[in-house]
J.: 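Okay, handing you the structure first.
Just so you know, ligand 1 is whichever comes first in the structure, and atom 1 is the first atom listed for that ligand.
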Amino acid sequence: MSLAARLQAAASAHAGRPALSIGGETLSYAELFAAAERCAARLDAVPAGARVGLLAHRSLDAYVGVLALVLSGRPYVPINPKAPPERQSAIAAAAGCGGWLHDDETADSAQALAAGHGGVALAVDPRADGPRDFTAAAARHAYVMFTSGTTGTPKGVAVRVDNVTAYVDAFAQIAAITSDDRCTQFFDLSFDLSVHDMFVTWEAGACLFAPTEAELIDPVGFANRSGASVWFSVPSAPAMAQRMRRLGPGVLPGLRLALFCGEPLPSSLAKAVAAAAPNAEVWNLYGPTEATIAITAERLDPAAQGMPATVPLGAAYAGCAAVVVDDAGLPVPPGGEGELWLAGPQITDGYINNPAEQAAKFLATTIPGYPHNLWYRSGDLVRNDPIWGLVCQGRLDDQVKISGYRVELLEVEEALRRAAGTGEVAAVPWPLNEGGSAEGLVGFVCATSVDARAIAASCRELLPPYMVPKRVIAVEALPLNANGKIDRKALRQRYLERP
Ligand code: AMP
């Protein structure tokens, strides 16, 4: 059954139950799907199967828009309205959209994108009456998610409908969500972990609780006020709550599941969460957008002794594989480390219009002992620990996580270069979190002096807020490592750890 058919079956089975709550408004399954069907009927103005950019954020319209696109068989391309116009335009150019859905606040942006890149701009408008009959196309892709790209422009990952249903089915074997659950929706729609929130929740007939922008600042308070039973966030969220002294023992008594994904989960933080949510199972999920949301999972044993600094990544989902390989693409023996390769029904079709990157990351090959013949190279350096299994050791490239967001340092450096007017720049993640992810970035420019404010302002025109360097420092020279590359670690040690 397609994702649309599965969601519609859940909607009829749970018609009178709450499906979505945001900003004090709650829609039942019948109301949410009626609104989505009205929007889908208007989408008949967009060619069947065409991608549609969705410019909506933390509003009822945003969710109605996603559902309308899934029901009508048009892949959705979430574009964060907070991203600067130049970045929205770069995504629009790469995505090749046939239409644009917007909410009350984003009509101008949608019209600008339609004018610049073609396609019609349509309001989601869930309250407007209208026909509910729409033509559904059998779409190959459910969505296209754009992530930071090494060349300076974001790259789009096309995720099939069957990748998503494979994920939902595999996750159900890890933890069954029921219609009594109340699930959080903290992730931006432009982050693929939001796909888990929406479709795992709605297939189960449970209710999704989405905080408004203001409520997002205090996720613990929001979860408690919502009576949440299922929490899903990046580890940075409880880490921030801990810094604000909002994660004491027993503060989240209503949770039965606390799920984390998107960046390394420090073991000490996981244990603090287990103490804060004494009735919850704590899970560390791992996976890149290219392998659909998450592909391995480990349940925390809060009593375990001698755990590595970050919670292990756990076992691959049913039908999937996660294998640490050496430079020759062969599994490393226990105790060895190497790149983590991923396979199975969640491996996506990969990058749109980017054959070079596609060829480098998606390999049509086999690994002895595994039936799969398509592997995604994650770029994650992982130890095959004889006791703890897969343990994250960092990245093999220049990709970092900033508060859970995936960032290519090369993309930030490209923006810095344009802003500073010199080629000699570096972006350094700082301050670092315990697990190796970071809270922000510092820019370095090789110059006698810099106008840090002007550079930051120029970066803000190109990059989403979390990618903009919080400080810019002028340096005489950029240190190089043994390979002749910029030594970011040396910059960090010299200017940030001991300024
Ligand atoms: P994204 O495509 O934004 O989901 O980012 C995927 C990347 O995030 C992975 O390749 C890892 O580098 C990192 N990541 C995701 N989940 C975890 C985790 N549980 N532990 C360590 N790193 C993770």
Side-chain angles (χ1 to χ4, degrees), residues 78 80 143-150 154-159 163 167 174 186-197 232-239 258-267 269-270 273 282-300 307-317 322 324 337 339-342 346-348 350-351 357 361 375-383 385 388-409 411 429 432-438 464 466-467:
N80 196 327
Y143 56 88
V144 176
M145 219 39 92
F146 278 80
T147 72
S148 178
T150 50
K155 64 183 179 205
V157 180
V159 181
N163 292 142
Y167 174 86
I174 290 167
F186 292 135
F187 298 108
D188 283 356
L189 293 184
S190 49
F191 196 168
D192 80 330
L193 301 177
S194 63
V195 178
H196 166 115
D197 292 339
F232 190 21
S233 76
V234 288
S236 286
L259 310 172
F260 298 96
C261 189
E263 59 186 348
L265 175 61
S267 299
L269 179 65
V273 170
V282 178
W283 285 84
N284 179 29
L285 312 182
Y286 156 89
T289 304
E290 289 86 339
T292 317
I293 309 168
I295 192 165
T296 75
E298 168 93 354
R299 183 176 167 187
L300 176 81
M307 200 188 300
T310 56
V311 178
L313 305 183
Y317 284 9
V324 183
E337 58 175 45
E339 187 176 17
L340 190 66
W341 287 19
L342 308 169
Q346 292 176 213
I347 302 301
T348 61
Y351 309 117
E357 190 83 350
K361 301 288 273 180
W375 291 85
Y376 172 69
R377 303 179 55 166
S378 71
D380 287 309
L381 178 65
V382 169
R383 186 170 76 243
D385 192 278
W388 300 98
L390 305 176
V391 180
C392 177
Q393 303 290 300
R395 289 287 303 176
L396 288 155
D397 55 16
D398 298 320
Q399 183 182 302
V400 296
K401 282 291 180 141
I402 307 292
S403 303
Y405 291 103
R406 173 166 160 178
V407 172
E408 295 288 352
L409 293 175
E411 186 176 358
L432 292 182
N433 291 325
E434 213 183 325
S437 63
Y466 56 87
M467 283 173 79

J.: Flag the pair Thr292 / Asp192 as yes when at least one side-chain heavy-atom distance between them is below 4.5 Å, and no otherwise.
T.: no
J.: Could you tell me if any non-hydrogen atom of Leu313 lies under 4.0 Å from any atom of ligand 1?
T.: yes
J.: Quick one: pull up CZ in Arg299 and CG in Leu259 and give me the separation to the nearest 0.5 Å.
T.: 11.5 Å
J.: Identify the protein heavy atom lying closest to atom 8 (O) of ligand 1, giving its residue, its atom name and the separation to 0.1 Å.
T.: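 The closest heavy atom on the protein side is Lys401 CE, 3.1 Å.
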J.: Tell me which protein heavy atom sits closest to atom 13 (C) of ligand 1, plus the residue, atom name and distance to 0.1 Å.
T.: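 For this ligand atom, the closest protein heavy atom is Gly262 O, 3.7 Å.
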J.: What is the distance from atom CG of Asp380 to atom CG of Leu340, rounded to the nearest 0.5 Å?
T.: 6.5 Å
J.: For ligand 1, which atoms, with element, lie under 4.0 Å from some heavy atom of Gly287?
T.: 4 (O), 6 (C), 15 (C), 16 (N)
J.: What's the separation between atom OG in Ser378 and atom CD in Glu290, rounded to the nearest 0.5 Å?
T.: 9.5 Å
J.: Compute the minimum heavy-atom distance from Ala294 to ligand 1 and say whether it is under 4.0 Å.
T.: no
J.: Which ligand 1 atoms does Cys392 reach within 4.0 Å, using its non-hydrogen atoms?
T.: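 Taking each heavy atom of Cys392 in turn, ligand 1 has 21 (C) under 4.0 Å.
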J.: What part of Pro264 sits under 4.0 Å from ligand 1 if we count only heavy atoms: the side chain, the backbone, both or neither?
T.: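 Both of them.
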J.: Judged by non-hydrogen atoms, does Phe260 sit under 4.0 Å from ligand 1?
T.: no
J.: Atom 12 (O) of ligand 1: which protein heavy atom is closest, and how many Å away?
T.: Asp380 OD1, 2.6 Å
J.: Please work out, at 4.0 Å between heavy atoms, whether the side chain, the backbone, both, or neither of Asn284 comes within that distance of ligand 1.
T.: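 Contact part for Asn284 vs ligand 1: side chain (C-beta onward).
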J.: Once you restrict to heavy atoms under 4.0 Å, what part of Arg395 touches ligand 1? Side chain, backbone, both or neither.
T.: side chain
J.: Starting from atom 6 (C) of ligand 1, find the nearest protein heavy-atom neighbour and note its residue, name and distance.
T.: Pro288 CA, 3.5 Å
J.: Once you round to the nearest 0.5 Å, how far does NZ of Lys401 lie from CZ of Arg395?
T.: 9.0 Å
J.: Say whether Leu285, considering both its backbone and side-chain N or O atoms, lies within less than 3.5 Å of an N or O atom on ligand 1.
T.: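 There is such a contact, yes.
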J.: Counting heavy atoms only, which of Glu290, Met145, Glu263, Arg406 comes nearest to atom 17 (C) of ligand 1?
T.: Glu263
J.: Out of curiosity, Leu193 CG to Thr289 OG1, how far, rounded to the nearest 0.5 Å?
T.: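 Rounded to the nearest 0.5 Å, the CG-OG1 separation comes out at 7.5 Å.
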J.: Enter the distance from Asn433:CG to Ile402:CD1 here, rounded to the nearest 0.5 Å.
T.: 9.0 Å
J.: Over 60° means perpendicular and under 30° means parallel, so classify the ring planes of Tyr167 and His196, tilted if in between.
T.: perpendicular
J.: For the residue pair Tyr466 and Tyr405, categorise the inter-ring angle as parallel (less than 30°), tilted (30 to 60°) or perpendicular (more than 60°).
T.: parallel
